[in-house]
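The model shown is predicted, which means the values in this text are computed figures rather than measured ones.
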Amino acid sequence: MRPLTEEETKTLFTKLSHYIGNNIVHLVDRSDAPHVFRLHRDRVYYVSEAVSVARPNLISLGTCFGKYSKTGKFRLHITALDHLAQYAKYKVWIKPNGELPFLYGNHIVKAHLGRITDDTPEHAGVAVMSMSNVPLGFGVTARSTIDTRKLDPTSIIVFHQADVGEYLRDEDTLF
């Protein structure tokens, strides 16, 4: 387990800023306990700064935020959802009849949209929540908030990126 290089950190923060904006500061500069990002086998973990574990004894540590692909791109995992939902700049709430299709990996259509944060731009990262404020996943908006009002009920509003159903679908490769 090693610290991220400057290029890896830039790639990670660029991806995270797409979803949480300037709230990255709250992830790094925590008052309760300092946390850092560490890399282990192409996966990025968010761990307490005071943790030290020998390599042979290490399986997993902290929260896995995602992994780097072989081409150097960063892909967020669903395991980062708690942090993304807490600090998300834009959020989308879906109706109960739209939760199951989203959890099966489908995009969110306007008919399933309950609420959306005001002034959400097009292609912005959003946290997807149930109407009772339970985080279900995250995605990317297909249209801005203003454009959403003009669309028909079958139009896609949010492109699916990850959902909590992945814990079951991808349990072999997730960790």
Is there a side-chain contact between L12 and Y68 in this structure, where contact means two heavy atoms from C-beta onward sitting under 4.5 Å apart? yes

Would you say the side-chain atoms of T141 pair up with the backbone N or O of V158, donor to acceptor, closer than 3.5 Å? no

To the nearest 0.5 Å, what is the distance between NE2 on H77 and CG on L84? 12.5 Å

Shortest non-hydrogen contact between L136 and L81, atoms and distance: C-CD2, 3.9 Å

What distance do S48 atom OG and D32 atom CG have between them, rounded to the nearest 0.5 Å? 9.0 Å

Using side-chain contact (heavy atoms from CB on, under 4.5 Å), reason through D163 and V128 one step at a time and then give a plain yes or no. CA-CA 8 Å; D163 63 79; V128 178; over 6 Å; no

Taking the side chain from K110 and the backbone from R149, do they hold a donor-acceptor pair closer than 3.5 Å? yes

Contact check, side chains of T148 and T120, non-hydrogen atoms, under 4.5 Å: no

Can you find a pair of side-chain heavy atoms, one from H112 and one from P101, that are under 4.5 Å apart? yes

Exceeds 12 heavy-atom contacts within 6.0 angstrom, atom NZ of K91: yes

Does any non-hydrogen side-chain atom of V28 lie less than 4.5 Å from one of F37? yes

Is the gap between the ring centers of Y19 and F138 under 6.0 Å? yes

In one Ile/Leu/Val/Met/Phe/Trp/Tyr side-chain cluster, 4.5 Å: L113, F102: yes

Donor-acceptor check, side chain of S144 to backbone of E122, threshold 3.5 angstrom: yes or no? no

Hydrophobic cluster identity match, V44 and L76, side-chain contacts under 4.5 Å: yes

Less than 6.0 angstrom separating the ring centers of H83 and F65, yes or no? yes

Residue pair G139 / Q161: nearest heavy atoms and the distance that separates them: CA-CG, 3.4 Å

Counterpart residues, side-chain hydrogen bond (donor to acceptor under 3.5 Å, both in side chains), relative to D29 (two or more places apart): none

Please test I94 against V92 for side-chain contact (heavy atoms from CB on, under 4.5 Å), starting from the C-alpha separation and ending with a verdict. CA-CA 7 Å; I94 56 177; V92 169; 4.2 Å; yes

Counting only heavy atoms not in D152, do more than 12 sit closer than 6.0 Å to its CG atom? yes

Using the rule given for side-chain contact (heavy atoms from CB on, under 4.5 Å), can you reason through S17 versus N22, listing the C-alpha separation, both sets of side-chain angles and the distance that settles it, and then say yes or no? CA-CA 7 Å; S17 68; N22 294 334; over 6 Å; no

Quick one: does H18's side chain get under 4.5 Å of V140's, heavy atoms only? yes

I'd like to check L4 versus T9 (side-chain heavy atoms, cut-off strictly below 4.5 Å). Are they in contact? yes

When rounded to the nearest 0.5 angstrom, what distance separates OH in Y45 from NE2 in H40? 6.0 Å

Which residues satisfy the side-chain hydrogen bond (donor to acceptor under 3.5 Å, both in side chains) test with R2, sequence neighbours excluded? E8

In terms of heavy-atom contacts, does CG of N97 have more than 12 from other residues, nucleotides or ligands at under 6.0 Å? yes

Answer yes or no: does atom CZ of R30 have more than 12 heavy-atom neighbours from other residues, nucleotides or ligands under 6.0 Å? yes

Find out whether V47 and H35 are in side-chain contact, i.e. whether some heavy atom of one side chain is under 4.5 Å from a heavy atom of the other. no

About how many Å separate CH2 of W93 and CE of M131, when rounded to the nearest 0.5 Å? 9.0 Å

Looking at T117, is its backbone amide N or carbonyl O close enough to the side chain of T145 to form a donor-acceptor pair, meaning the two atoms are under 3.5 Å apart? yes

So do K89 and I20 actually touch side chain to side chain, heavy atoms under 4.5 Å? no

Tightest non-hydrogen contact, residues P135 and A85, listed as CB-CB, 3.7 Å

So, taking the atom named OH in Y46 and the one named CG in L27, what distance separates them when rounded to the nearest 0.5 Å? 4.5 Å

Could you go step by step and tell me if R43 and L39 meet the side-chain contact (heavy atoms from CB on, under 4.5 Å) rule? CA-CA 6 Å; R43 296 194 189 310; L39 186 75; 5.8 Å; no

Connected via hydrophobic side-chain network under 4.5 Å: I78 and L103: yes

To the nearest 0.5 Å, what is the distance between NZ (K10) and NZ (K15)? 15.0 Å

Hey, is the main chain of I156 close enough, under 3.5 Å, to the side chain of H107 for a donor-acceptor pair? no

